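Structure first, commentary second.
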Amino acid sequence: MRIEELVKGIYDCECGREHSCPVDYVEIGHGVLKKLPGICEKYSKILMVSDENTWRVCGQEAYNRLGAKVVKNLILKSEGAVVIPDESTIAVIEAALTEEIDLIVGVGSGVINDLCKQVSFQHDLPYYIVATAPSMDGYVSTGSALILEGMKITLNARPPKAVIADTAVLKDAPMEMLQAGYGDIVGKYSCLNDWKLSTLINDEYFCQRVYDITYTSAKRVEQMADGIAARDEETVGALMEALVIVGIAMSYVGNSRPASGSEHHLSHFFEITGILDNQKYFAHGIDVAFSAVETSKLREKIVAGTPCRHVFDRAKWEQEINRIYSSSAKGIIALQDKLGWYEKDDSTVVAAKWEEIKNLLQEAPKAQEFIDMLAKVGLDYAEFEKLYGAEKIHDAVLYAKDLKDRYTVLWLYDMYF
C-alpha cells in the first residue's frame, strides 16, 4: 500500500483492531518545500524549531517561505556535537511558547522531531516536521524518544499533522544519516522476529497486516543499497517513504513494537552509556544496524544450544546495573522490579514450544547476511567492534534489555543460555 492509502487507516483488519494514523499531509519529492506555506495556510502564529545545522540546511528557507507567520524562531544550541532531547532542551522550547502560538514547525530529523512531538503533545498543539534527513523511522510514530533522568524513554505522543520532505535536501544529508536510515529499516528483520517470539512465548498481541507492511519495507530498502550509497535522489526519496511507512505501522499499533526490538535496545544502551560516560557512539540507525548483527549471533547460538533456566542472582544483577548505568541505575532497577520478569518462570512454555522457537529464530537473517547488507552502504562491522570493544558489547547483550519493558531475544538468551 502507498502512503496516501495507509494514512487513511485500516478498519477491517484480521487482528480485530482498527488502525489509524492522524497525519493529514505527507509530501515527499523534489521541491516540495515550496508547498509549506499552503500546508500552513490555516495557521498564523508559528513557533519554528531547528538547530544550528538544520537551520543552515533548510531552516532559513522554510523561515523565509513562511514569513511573518513565524512569530518565534528558535534555533537550539548544543554544547556538544548534537542536541540532547532531555529535560533542559524541552524547557527551552516550552519557554518559547506563548498563548498566541497555534502551530509548531520543526526543521530537522530525529531529535528535533522527538522534541517537537513531545512539547506539542503536552501543550495540545499541532506540529509539522520539515525533514532534513532520511535517518530514522520515528517521524510519524506515536512515541517520542527522550532522555529523561539519564534514561532512554519513549513517551506517548501524537504524530505530526504533516511531513514535508524535499528530496533535494534529503539526498545531501551527511552520508552517516543516509546509512542510519538504511540501517534503521533493515534492522526491522530483527525486531519483527522479536515480536513473533514474544507472541509465541507470552501470547503478546500480534497483527499480521502490520508485520507484513513493515517486513515489505525492509525488503524494499535492502535492495536500495547501491542507490543510497550513490545519493541517488529518487532512491533517497524511496528510503524516506519507507521510513514514514514504518512510522505509520507504529501508529497503527500504538507503540513501537513493529519497529523496535533487541537491536534497538542495544542501540539505546550504547547511546545512554555514551552520554553517561562522555564517550563516542554511532548515530542511532547505524547502531541499530550493527546491533542487528549481534542479535542474530544470539539467535544462532540459541538454535545451536539447549535451554536451561538460570537462577536469578539479584545481588550480582544490581551490582552490574549500578556499575554500568551509574546515576540511571535506580530507575532501571525500579522498572524491572515493576515488570517482575526475572522472577517469572516461563520454562514450561519454552520447553513445550522449543522446536517452534528454534524455527522462528531461523527466519531472521544470519549475522553474516547482516554484515554483507551493511557493507553495501559503506558500514564496516569492524568499526563497531573497534569503537565499543568486546567487553562493552558483552555488557550490552546482557543488560540492554533492562532499559525497556519489552520481551526480545535478549531475555531468552540471558535467562536460558
Side-chain angles (χ1 to χ4, degrees), residues 84-87 143 145-155 190-191 194 197-198 201-202 204 255-257 260-281 284 287-288 290-291 294-295 297-299 301-302 305-350 384-385 387-417:
I84 304 296
D86 59 9
E87 296 94 336
L146 305 168
I147 297 174
L148 304 179
E149 297 182 356
M151 285 183 65
K152 185 82 173 189
I153 297 174
T154 300
L155 298 181
S190 170
C191 72
D194 285 330
L197 179 66
S198 186
I201 293 176
N202 303 312
E204 182 180 336
N255 59 55
S256 63
R257 177 48 113 171
S260 175
S262 53
E263 72 301 322
H264 271 68
H265 298 174
L266 293 181
S267 173
H268 296 325
F269 175 94
F270 296 125
E271 180 180 3
I272 289 295
T273 56
I275 292 171
L276 288 172
D277 302 332
N278 195 28
Q279 294 178 342
K280 183 180 178 182
Y281 54 92
H284 169 72
D287 260 337
V288 165
F290 287 139
S291 295
E294 296 303 313
T295 62
K297 288 181 180 180
L298 299 185
R299 293 183 183 95
K301 288 180 182 179
I302 292 170
T306 302
C308 179
R309 177 77 184 193
H310 298 163
V311 176
F312 177 50
D313 186 336
R314 170 82 188 205
K316 179 183 178 183
W317 174 73
E318 282 198 25
Q319 182 180 13
E320 292 299 281
I321 294 296
N322 279 289
R323 173 181 67 84
I324 293 165
Y325 294 112
S326 58
S327 60
S328 297
K330 184 178 179 180
I332 293 168
I333 292 170
L335 171 64
Q336 293 308 322
D337 283 344
K338 179 180 178 181
L339 292 173
W341 287 355
Y342 279 106
E343 286 75 25
K344 179 183 177 182
D345 185 359
D346 55 7
S347 57
T348 301
V349 175
V350 170
F384 171 78
E385 295 179 303
L387 179 62
Y388 296 134
E391 182 178 350
K392 189 167 189 175
I393 294 171
H394 177 71
D395 283 343
V397 165
L398 294 183
Y399 302 108
K401 70 185 187 307
D402 298 296
L403 289 166
K404 297 292 180 178
D405 58 352
R406 180 164 294 164
Y407 189 91
T408 71
V409 71
L410 298 177
W411 281 98
L412 180 64
Y413 179 78
D414 188 38
M415 292 293 95
Y416 289 91
F417 291 88

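From a predicted model like this one, the values you see are computed outputs, not experimental measurements. Quick note: numbers below take in every heavy atom, side chains included, and nothing from hydrogens, waters or symmetry partners. Residues: numbered from 1 along the sequence shown.
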Closest approach of Cys191 and Gly261, non-hydrogen atoms and distance? CB-N, 3.3 Å

Donor-acceptor check, side chain of His265 to backbone of Leu403, threshold 3.5 angstrom: yes or no? no

For His394, does the NE2 atom sit with more than 12 other heavy atoms under 6.0 Å from it, leaving out its own atoms? no

Would you check if Leu335 and Asp402 make a side-chain contact, meaning some heavy-atom pair closer than 4.5 Å? no

Output, in order, the C-alpha distance, side-chain angles, deciding distance and verdict of salt bridge (Lys or Arg N to Asp or Glu O under 4.0 Å) for Asp405 and Lys338. CA-CA 9 Å; Asp405 58 352; Lys338 179 180 178 181; over 6 Å; no

Does a side-chain heavy-atom distance below 4.5 Å link Arg257 with Glu204? yes

Working note: Arg314 + Glu318, criterion salt bridge (Lys or Arg N to Asp or Glu O under 4.0 Å); need CA distance, chi angles, decisive distance, verdict. CA-CA 6 Å; Arg314 170 82 188 205; Glu318 282 198 25; 2.6 Å; yes

Checking side-chain polar atoms at under 3.5 Å, does Ser198 have a donor or acceptor matched by the opposite partner on Asn202? yes

Ser260 backbone acceptor or donor facing Arg406 side chain under 3.5 Å: yes

Relative to each other, are the rings of Phe417 and Tyr413 parallel, tilted or perpendicular (30° and 60° limits)? parallel

Rounded to the nearest 0.5 Å, how far apart are CD1 of Ile153 and NZ of Lys404? 7.5 Å

Check this for me: Lys330, atom NZ, are more than 12 non-hydrogen atoms of other residues, nucleotides or ligands nearer than 6.0 Å? no

For Glu87, is the CD atom crowded, meaning more than 12 foreign heavy atoms sit under 6.0 Å from it? yes

I need the Phe312 CZ to Asp345 CG distance, nearest 0.5 Å. 14.0 Å

Tell me, do Ile275 and Ile84 make a side-chain contact under 4.5 Å, heavy atoms counted? yes

Within this structure, what is the OG-NZ distance for the pair Ser262 and Lys401, rounded to the nearest 0.5 Å? 12.0 Å

For the residue pair Phe290 and Phe384, does the interplanar ring angle fall in the parallel (under 30°), tilted (30 to 60°) or perpendicular (over 60°) class? tilted

Quick one: does any side-chain atom of Asp313 pair with a main-chain N or O of Lys316 as donor and acceptor, under 3.5 Å? yes

Under 3.5 Å side-chain donor-acceptor pair for Asp287 and Tyr388: yes

dist Leu398:CG -> Trp317:CH2 (nearest 0.5 Å) comes out at 13.0 Å

Roughly how far, to the nearest 0.5 Å, is the CG atom of Leu266 from the CD atom of Glu294? 7.0 Å

Taking every non-hydrogen atom, the tightest pair across Tyr281 and Gly274: CD2-CA, 3.9 Å

Just so I know, are the side chains of His284 and His264 near enough to count as touching, which here means a heavy-atom distance under 4.5 Å? yes

Identify the two heavy atoms, one from Thr154 and one from Gly143, that lie closest to each other, and give their separation to 0.1 Å. CG2-CA, 3.8 Å

Donor-acceptor side-chain pairing of Thr295 and Ser190 below 3.5 angstrom: yes

Correct closest heavy-atom pair for Thr408 and Leu197 would be C-CD2, 4.0 Å

To check you understand the geometry: which heavy-atom pair defines the closest contact between Ser328 and Glu149, and what is its length? OG-O, 3.7 Å

Does any part of the side chain of Met415, heavy atoms only, come nearer than 4.5 Å to the side chain of Pro307, both counted from C-beta? no

Check: Trp411 ring centroid to Tyr342 ring centroid under 6.0 Å: yes

May I ask you to decide if Gln279's main-chain N or O and Asp277's side chain share a donor-acceptor pair within less than 3.5 Å? no

Other residues, nucleotides, ligands: >12 heavy atoms within 6.0 Å of Glu343 CD: yes

Over all heavy atoms of both residues, which pair between Ile321 and Ala329 is shortest? Give the atoms and the distance, please. O-CB, 3.7 Å

Starting at OH of Tyr416, measure out to CD1 of Ile302 and round the result to the nearest 0.5 Å. 11.0 Å

Close aromatic pair by centroid cut-off 6.0 Å: Phe269 and Tyr399: no

Okay, side chain of Asp194, backbone of Val409: is any donor-acceptor separation there less than 3.5 Å? yes

With a 6.0 Å cut-off (strictly less than), is the heavy-atom count around CG of Asp337, excluding the residue itself, greater than 12? yes

